[in-house]
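The block underneath contains the structure these notes are about, expressed in structure tokens.
Quick note: residue numbers are just sequence positions, from 1.
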Amino acid sequence: NEPPRYGYMDYDPAWEWLKSKYPAIARHLKPHEAAAKKRTDKGDFWWELRACDYYGEFEKEKIMLPDISIKAEALLDTNDTYCVNTAYIIPKADKYLLALLNSSMVHFFYSNLTSTIRGGYLRFIRQYLAQIPIIEPSSQLREVIETLVNQIIETKKQDPTSDTSTIEAEIDQLIYGIYGLSEEEIEILEVNKM
């Protein structure tokens, strides 16, 4: 008798289900019952975590990026991957946004926006990501950038160690144009490129 994924069940059947389905977990948790009952972040029962309001977003194509990293290293997830607090999601499969987040221009902007952690690491959290100015390109330019992103994705699928820096540099140049950067500004970005 399978309990519903969401919705209320009485305590006794729920605990019996957990014990029969996951006996080792139930045995491990039982000694911690008193402390777990005091938690404020529990679900319907003391052994559960509270429900996430956006589970469904994990089960869609989305952009994922690390919490702490030297640069954004954003990726497109097409495998319905779940992550915890060491990575974050942007619930869009927008390849232009993916290119922009991974661009040298956004890295330079972002590294001057946030404080750094030891070793030059950055925090990729919402309060900072929301400050990135996003200019929507023309549909033709968006299509060109998305085609280049697809080339990188396909190349990395074949060999994750492949050098895609030439394609990445081409994307950078297109993004510099979208943002109307001067030659001097581009030179500053290129000198400071990671």
Side-chain angles (χ1 to χ4, degrees), residues 54 56-194:
Y54 49 90
E57 299 301 334
F58 288 107
E59 296 167 356
K60 297 177 185 173
E61 289 189 354
K62 63 195 160 294
I63 294 173
M64 297 182 78
L65 62 163
D67 173 4
I68 300 171
S69 185
I70 294 288
K71 60 184 210 169
E73 297 180 349
L75 61 87
L76 182 67
D77 172 51
T78 58
N79 298 316
D80 301 343
T81 305
Y82 281 71
C83 62
V84 292
N85 63 343
T86 57
Y88 296 109
I89 66 170
I90 299 172
K92 290 180 158 189
D94 184 335
K95 291 178 182 170
Y96 167 69
L97 179 58
L98 180 67
L100 186 62
L101 289 171
N102 286 316
S103 72
S104 295
M105 186 198 71
V106 165
H107 176 72
F108 182 82
F109 173 81
Y110 200 84
S111 63
N112 285 285
L113 170 69
T114 67
S115 57
T116 57
I117 301 171
R118 183 188 305 172
Y121 284 83
L122 305 170
R123 296 287 314 272
F124 290 91
I125 55 179
R126 187 179 194 284
Q127 72 186 47
Y128 300 125
L129 290 168
Q131 295 180 54
I132 298 171
I134 299 177
I135 294 177
E136 184 62 35
S138 68
S139 58
Q140 295 87 354
L141 199 46
R142 175 182 267 280
E143 192 174 313
V144 169
I145 291 172
E146 288 173 347
T147 299
L148 293 169
V149 169
N150 285 332
Q151 287 176 16
I152 292 171
I153 290 169
E154 288 306 312
T155 300
K156 293 291 187 180
K157 273 185 189 173
Q158 301 301 317
D159 178 5
T161 64
S162 295
D163 180 11
T164 56
S165 59
T166 303
I167 304 170
E168 292 167 30
E170 192 174 341
I171 291 171
D172 277 344
Q173 292 302 316
L174 293 169
I175 289 174
Y176 297 158
I178 292 167
Y179 281 78
L181 299 185
S182 68
E183 287 183 26
E184 293 79 18
E185 290 167 328
I186 292 170
E187 188 176 327
I188 291 168
L189 291 175
E190 291 292 316
V191 167
N192 290 291
K193 196 180 253 190
M194 296 255 356

I'd like to check Thr116 versus Ser111 (side-chain heavy atoms, cut-off strictly below 4.5 Å). Are they in contact?
no

Atom CD1 of Ile178 and atom OH of Tyr96: how far apart are they, to the nearest 0.5 Å?
4.0 Å

With respect to His107, which candidate in Asn102, Asp172, Leu189, Leu122 satisfies the side-chain contact (heavy atoms from CB on, under 4.5 Å) definition?
Leu122

So CG of Leu76 and CG of Asp94: to nearest 0.5 Å the spacing works out to 9.5 Å

Begin from the C-alpha positions of Tyr121 and Ile70 and carry the test side chain to side chain contact (heavy atoms under 4.5 Å, CB included) through to its verdict.
CA-CA 5 Å; Tyr121 284 83; Ile70 294 288; 3.8 Å; yes

If you measure from CD1 on Ile175 to CD on Glu170, what distance do you get to the nearest 0.5 Å?
11.5 Å

Given Glu185, Glu190, Glu183, the one that forms side chain to side chain donor-acceptor pair (under 3.5 Å) with Tyr176:
Glu190

For Thr81 and Asn79, what are the C-alpha separation, side-chain angles and deciding distance, and is it a side chain to side chain donor-acceptor pair (under 3.5 Å)?
CA-CA 5 Å; Thr81 305; Asn79 298 316; 5.0 Å; no

Are Lys60 and Asp80 packed together at the side-chain level, in the sense that at least one heavy-atom pair is separated by less than 4.5 angstrom?
no

Is the Tyr128 ring parallel, tilted or perpendicular to the Tyr110 ring (thresholds 30°, 60°)?
perpendicular

Heavy-atom distance under 4.5 Å between the side chains of Ile90 and Leu101, does that happen here?
yes

Minimum heavy-atom distance between Lys71 and Pro66, given as atom pair plus value:
O-CG, 4.5 Å

Contact check, side chains of Thr147 and Gln151, non-hydrogen atoms, under 4.5 Å
yes

Does the side chain of Phe108 reach to within under 4.5 Å of the side chain of Ile188, using non-hydrogen atoms?
yes

Glu143 atom CD, over 12 foreign heavy atoms within 6.0 Å:
no

Given side chains that start at C-beta, do those of Cys83 and Phe58 come closer than 4.5 Å, heavy atoms only?
yes

From Met105 CE over to Ile132 CD1, what is the distance, rounded to the nearest 0.5 angstrom?
8.5 Å

Derivation and outcome, side chain to side chain contact (heavy atoms under 4.5 Å, CB included), residues Leu100 and Tyr179:
CA-CA 11 Å; Leu100 186 62; Tyr179 281 78; 3.5 Å; yes

Please determine which of Leu148, Thr155, Ile171 meets the side-chain contact (heavy atoms from CB on, under 4.5 Å) test together with Thr164.
Thr155

Can you tell me how far apart CD (Glu187) and CG (Leu181) are? Round to the nearest 0.5 Å.
13.0 Å

What one should report as the nearest heavy-atom pair of Tyr88 and Arg123 is OH-NH2, 4.2 Å

Measure the spacing between CG of Leu65 and CG of Leu98 and express it to the nearest 0.5 Å.
9.5 Å

